[in-house]
Amino acid sequence: MKLLEYEAKQLFAQEGIRVPKGILIEKCEEIPPRRNEISGKVVIKAQVDVGGRGKAGGVLMADQDTVIETTRQLFNTRIKDIAVQRILIEERLDIQHEYFVSITIDRTKKQPVILFAETGGVDIEETAQKKKDAIRSVSFSPLLSDVPPFLLRELCGDAPADILKTVNKLYHVFCHKDALLAEINPLVTTPNGVYAADAKLIVDDNSLARQGIAINRDLTEREREAEKHGFSFVELDGTIGVIGNGAGLTMSTLDLIEYYGGKASDFLDVGGGADSERVMHAVRLVSGVPSVRVIVVNLLGGITRCDEVAKGIIASGVSVPVIVRIAGTNAEEGQRLLAEKGYEMLDTMDHVVKKAVEVAG
Ligand code: GDP
Ligand code: MN
């Protein structure tokens, strides 16, 4: 799970990394009573899970006179189409230099790898593309609890000693928090020392319980609905809705759509033994995805009964065309029910997907 900046900063601070003083708010009204916690110039930062947030208008500068007005403005802005629900207001750092540091796992080497650049900040991607040697990297044994000092020096070049110390602290975060990624961009020097001006942390989902991290993401209405029914659901941005049973069948339906040149608008696995009601909810849910033009239902009847599936599709009453492939238990009865209502059915997965790509255009 990707944590938001303010959550990541709390965990960074626990390992001794310095982060700017700040307050987290959900409403502008919370600012006046907390005025004394932030003095001087401030940075106002939308807590949204998007890359390139600053460039997308999610990081604004203000001073004490304009802080409320600027914060209100940010609450009213969508950042890459995501509503801003929380804002972090921080004392503005007097930045002298911006570095970039990122720690992840090199899966081929089966070792942690640290990337470092002397020119960090919002243009790091462009910098990395333009100048091949702008980013240095080192990897080392995962059994070490600290980054070996000689590797730190090799990695960070002439950077001040406090930068090297902070990189090592970030490695402690990476290990102790079961991270898949720990990143600071920019890691900055100021007249008052080194600070993490930004923070990114992705914690391995398998360790969330051990880490005591609650899954507190703001789900969309559709994701909440899917969770209620126990569907595995991921919304995508294509035009072909997908409903399958079993992750394997559903994934291969997505692959086949891609193969025939289409784009899926979701992944939805109804799970085993779905009855008509579950299927009805699934079809309605998928029909609500804004980009969907046609829905493919690809279900294999085992414990799931195809006549139940058919009843569910019919009961959904959605206006988006639904193309069906059902096979297995009670398939004939299911097909009879759907045929009566004029649904398009095809005998193989290949055929339904081809047809759907055609319909989607
Ligand atoms: P991102 O776009 O989501 O990566 O947001 P960041 O938190 O990295 O902020 C974007 C940019 O805003 C940084 O690269 C800095 O140049 C600038 N910035 C952020 N915090 C401060 C600050 O405290 N002082 C100053 N002067 N600039 C800041
Ligand atoms: Mn950043």
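In each ligand, atom 1 is the first atom listed, and ligand 1 is the first ligand listed. Heavy-atom basis, side chains included; hydrogens, waters and symmetry copies ignored.
- Among protein heavy atoms, the minimum distance from atom 11 (C) of ligand 1 is reached at V122 CG1, 3.8 Å.
- At the top of the distance list for atom 16 (O) of ligand 1, counting protein heavy atoms only, stands E98 OE2, 2.6 Å.
- Among protein heavy atoms, atom 21 (C) of ligand 1 sits closest to V43 CG2, 3.7 Å.
- Under the 4.0 Å criterion applied to side-chain N and carboxylate O atoms, R136 and E154 are not assigned as salt-bridge partners.
- Where the criterion is an N or O separation shorter than 3.5 Å, residue side chain and backbone included, E91 fails it with respect to ligand 1.
- Nearest non-hydrogen protein atom to atom 25 (C) of ligand 1 is I95 CD1, 3.4 Å.
- Between the side chain of T77 and the backbone N or O of Q73 there is at least one donor-acceptor pair closer than 3.5 Å.
- Taking every non-hydrogen atom of G54 and a distance limit under 4.0 Å, the qualifying atoms of ligand 1 come out as 1 (P), 2 (O), 3 (O).
- Given atom 12 (O) of ligand 1, the protein heavy atom at minimum distance is V59 CG1, 4.1 Å.
- Of the possible donor and acceptor atoms, one in the side chain of T190 sits under 3.5 Å from a partner among the backbone N and O of G193.
- Checked against D307 for a side chain to side chain contact (heavy atoms under 4.5 Å, CB included), the options E333, E332, Q335 give a single hit: E333.
- Ligand 1 lies within reach of P186, whose nearest heavy atom is under 4.0 Å from it.
- Taking the six-membered ring where the residue is Trp, the centroids of Y99 and H97 are separated by under 6.0 Å.
- Residue K45 touches ligand 1 through its side chain alone, judged by heavy-atom distances below 4.0 Å.
- M61 counts as a contact of ligand 1, since one of its heavy atoms falls under 4.0 Å from the ligand.
- Ionic pairing of R53 and D198 is present here: one or more N-O contacts between side-chain nitrogen and carboxylate oxygen are shorter than 4.0 angstrom.
- For the side chain to side chain contact (heavy atoms under 4.5 Å, CB included) with Y343, the qualifying choice from L337, I313, I323 is I313, the only one to do so.
- With a 4.0 Å cut-off on non-hydrogen atoms, D94 does not touch ligand 1 at all.
- In this structure, Y171 and F140 have perpendicular ring planes: the angle between them is above 60°, well past the 30° mark.
- Heavy atoms of L93 found under 4.0 angstrom from ligand 1 belong to the backbone as well as the side chain.
- Where the criterion is an N or O separation shorter than 3.5 Å, residue side chain and backbone included, G121 fails it with respect to ligand 1.
- Here the Mn ion (ligand 2) is the vertex; the O atom in N185 and the OD2 atom in D198 give an angle of 100° (to 10°).
- Looking only at heavy atoms of the protein, atom 4 (O) of ligand 1 is closest to D198 OD2, 3.0 Å.
- Taking both residues in full, the closest heavy atoms of A360 and T239 are given as CB-OG1, 3.6 Å, listed atom of the first, atom of the second, then distance.
- Looking at D237 and S265, their side chains never come closer than 4.5 Å, going by heavy atoms from C-beta outward.
- Considering only non-hydrogen protein atoms, atom 3 (O) of ligand 1 sits nearest to R53 NE, 2.8 Å.
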